[in-house]
Amino acid sequence: MRILIVEDEPKVASFIRRALEEERYAVDVCSDGIQGRDLASEVAYDLIILDLMLPGLPGIDVLKELRSGKVKTPILILTARSEVDQRVKGLDAGADDYLTKPFAIEELLARARALLRRASGETLGILQVDDLILNPVTHDVTRGGQRIDLTSKEYALLEYMMRNAGRVLTRTMISEHVWNLDFDTFTNVIDVYIRYLRNKIDRGRTHGLIHTVRGSGYTLKATDA
Ligand code: CA
């Protein structure tokens, strides 16, 4: 899952970035409202964390322009404690949630998980496809009760595929949601990671869950008997 942080305070931005990356999210950061608006309009982010006091364009205007431009990405706004008025305006302008600074990073992570959960229509917090289970809080992955150890990137790819189980995912979709702006789209990295995942998830099993869709991409789904 890919997250955009729009925050002009470098310390706060890098603190949030590090915490999100530890949770296996792909993260982009920008420090200016205009750049934030443009990135959020161009890239299919799964969540945007938006500070309200920003150079270039105030967060509230970023929010309004995104919503009027039909960007439906969940948005979590960051406000100072004194900005009650801004918070209300933010929620009315289409923000999904807010946090007041200073905040506990655990709370930000929990709110991020809740927003991602809501967006993917899943309510339990646990992702399950057939006998494959992924827990976004502990990052534990099991298949048939057996623990599977994944690298951060393998985990991120699997989480994205499980949140979109049954859908055909193109390489472009996968690269947009699992990698950040540093990603070189002209490599075969996605195919390589799919192979790694298959080795860990499907190898030696009677039915595979990761399927190649010829000419399109990949899909993760339970095979009908
Ligand atoms: Ca600020």
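Computed from a predicted model, the values in this text were never measured in an experiment. In listed order, ligands and their atoms are each counted from 1.
Within a 6.0 Å radius of CE in Met53, no more than 12 heavy atoms belonging to other residues, nucleotides or ligands are found. Few gaps surround OH on Tyr218; more than 12 heavy atoms of other groups in view lie less than 6.0 Å from it.
Annotation for Val137: hydrophobic cluster partners, listed by chain and number, are none (ILVMFWY side-chain heavy atoms under 4.5 Å, direct or chained).
Here Trp179 and Tyr160 keep their ring centres 6.0 angstrom or further from each other.
Within the structure, side-chain hydrogen bond (donor to acceptor under 3.5 Å, both in side chains) contacts touching residues 33-42 (residues at least two apart or in different chains) are Arg37-Glu65.
Taking Ala80 as the reference, Ser82, Glu83 meet the side-chain contact (heavy atoms from CB on, under 4.5 Å) condition, with sequence neighbours excluded.
Around the Ca ion (ligand 1), the protein N, O or S atoms found under 3.0 Å comprise Asp8 OD1, Asp51 OD2, Met53 O.
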